[in-house]
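For reference, the structure discussed in these notes is given below.
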Amino acid sequence: MANLGEVIVGLLIIGIVACVDSAEEQVVTYVFGDSLTEVGNNNYLQSLAKSNFPFYGIDYEGGKATGRFTNGRTIGDIISAKLGVESPPPYLSLAPNDDAIFKGVNYASGGAGILNDTGIYFIQRMTFDDQIKCFEKTKEAIKAKIGQEAAEKHVNQAIYFIGMGSNDYVNNFLQPFLAAGQQYTHDEFVELLTSTLGEQFINLHQLGARKMIFHGLGPLGCIPSQRVKSKRGICLKQVNLWVQEFNSKVEKLIVTLNKHLPYAQISFANTYPIVLDLIENPTSYGFKISNTSCCNVDTSVGGLCLPNSKLCNNRTEYVFWDAFHPTDAANAVLADKIFTTLFHQASSSPAPAPTPTPRKFLVTSINLN
């Protein structure tokens, strides 16, 4: 029997398919995230977390850097194409009253995290709270154009893709010179993360978001920037255990929110096993190397593929582009697996009717233990 999470995912995908098949309706997606889903917002910020230079974008259309932290497309780009829609443009590239906001917007920002102090040494970046505030402005602009009732319907029917949390570990808790790693035990830190995330889900819901898909964290202990901390260059087991604990708590959080937030259809996309299998069995997917980066920047400060980096000879043989991010080829495999998995989970079973709960009570009563 499908669990609640599988039912919610199924209903979301059925809704997406219905929109794709309809000549009158178009899938509208709003994207929140970090460098794994960014498409250029940080180009407009005074940020150290940028990728608008060679060799980023070398395999993207036109062969130029766009602000995507990979040599080509992001997973979001590829899934958008599978849905038959254009990848949403970066929020900061749009005028406040641009009609493009009706088709979807990407708010993702490299260095962003669930916590506002995550990535602070990048100077400027849009945290998840910042991104939610930007979405609020987008909704206000939509309301000014089509009125309150139509705007509410629009945001209720949109799909919200959320991918957050990687930086809260890689660029916060796991950095020995930052306060979080010294101030909290992991149990305390993961509680802080999930309670903060819960409030952020509620804020999005209050703004009209109903159909939300949260992408769980992958095996961060296996990315090149973490492997180099091991004398044998292997995955860091403890980091992966922490990530799995975070994912588990977020799944439980989402179940609670779906029970209490009216008409909420929040789902958890468990990408961890998919990414881990790609890393552990690269040849099964046509890759040769998954333990180091194509740009050979695993130990470099920043871990990014700079213009003076020495590229690998065949980019399609590598899972990782730089010390943190997958290659275009790896993103294609992951997007296909994620997309196929979501459709496989599709179910026609109705979601349980939510029991409305006052916001104040909900925030203080969520128990993930």
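Contacts classified as disulfide (SG to SG under 2.5 Å) and involving residues 208-244 (residues at least two apart or in different chains) are given here: Cys222-Cys235. Sorted by first and then second residue, the ring-ring contact (aromatic ring centres under 6.0 Å, His included) pairs involving residues 216-240 (not counting sequence neighbours) form an empty list. Counting only residues at least two apart or in different chains, disulfide (SG to SG under 2.5 Å) contacts with residues 49-116 are absent.
Checking side-chain atoms of Thr118 against main-chain N and O of Gly113 turns up no donor-acceptor pair under 3.5 Å. Of the possible donor and acceptor atoms, none in the side chain of Asn42 sits under 3.5 Å from a partner among the backbone N and O of Ser47. A donor-acceptor pair under 3.5 Å links the side-chain atoms of Asn331 to the main chain of Arg73, judged by distance alone. Remark: the backbone N or O of Asp77 is paired with a side-chain donor or acceptor of Thr74 at under 3.5 angstrom.
Between Phe214 and Phe268, the ring-plane angle classifies as parallel under the 30° and 60° cut-offs.
For Ser300, the side chain to side chain contact (heavy atoms under 4.5 Å, CB included) partners are Val297, not counting sequence neighbours. Listed by chain and residue number, Tyr184, Thr185 satisfy the side chain to side chain contact (heavy atoms under 4.5 Å, CB included) test with Glu188 (two or more places apart in sequence, or in another chain). Qualifying ring pair (Phe, Tyr, Trp, His ring centres under 6.0 Å) partners for Tyr160, counting only residues two or more places apart in sequence or in other chains: Tyr30, Phe135. For Tyr44, there are no ring pair (Phe, Tyr, Trp, His ring centres under 6.0 Å) partners at least two apart in sequence or on another chain. Under the ring pair (Phe, Tyr, Trp, His ring centres under 6.0 Å) criterion, His205 pairs with no residue at all, not counting sequence neighbours. Under the side chain to side chain contact (heavy atoms under 4.5 Å, CB included) criterion, Glu317 pairs with Lys288, Asn314, sequence neighbours left out. Residues that satisfy the side chain to side chain contact (heavy atoms under 4.5 Å, CB included) test with Glu245, not counting sequence neighbours, are His186, Asp187, Val190, Trp242, Lys249.
The two residues Asn156 and Lys211 make their nearest non-hydrogen contact at O-CE, 4.0 Å. Nearest approach of Ile266 to Ile254, heavy atoms of both residues: O-CG2, 3.3 Å.
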Taking distance alone, no hydrogens or angles, what donor-acceptor pairs closer than 3.5 Å link side-chain atoms of residues 60-67 to residues at least two apart or in another chain?
unit_1 : atom_1 : unit_2 : atom_2 : d
Tyr60  : OH     : Arg68  : NH2    : 3.2
Thr66  : OG1    : Arg68  : N      : 3.4
Thr66  : OG1    : Arg68  : NH1    : 3.0

Compile the donor-acceptor pairs under 3.5 Å between side chains in residues 137-147 and protein atoms, sequence neighbours left out, one pair per line.
unit_1 : atom_1 : unit_2 : atom_2 : d
Thr138 : OG1    : Tyr107 : OH     : 2.8
Thr138 : OG1    : Cys134 : O      : 3.2
Lys139 : NZ     : Glu152 : OE1    : 3.4
Lys139 : NZ     : Glu152 : OE2    : 2.7
Lys139 : NZ     : Leu207 : O      : 2.9
Glu140 : OE1    : Lys143 : NZ     : 3.4
Glu140 : OE2    : Lys143 : NZ     : 3.4
Lys143 : NZ     : Gln148 : OE1    : 3.4
Lys145 : NZ     : Asn97  : O      : 2.9
Lys145 : NZ     : Asp99  : OD1    : 2.9

Inset, instruction - Take Asp59 and Arg315 through the salt bridge (charged side-chain N to carboxylate O under 4.0 Å, His left out) test and state the conclusion after the steps. - result: CA-CA 9 Å; Asp59 296 310; Arg315 297 185 286 278; 2.6 Å; yes
Inset, instruction - Kindly indicate, with the supporting measurements, whether the criterion salt bridge (charged side-chain N to carboxylate O under 4.0 Å, His left out) is fulfilled by Asp336 and Lys82. - result: CA-CA 9 Å; Asp336 185 63; Lys82 287 178 177 291; 3.2 Å; yes
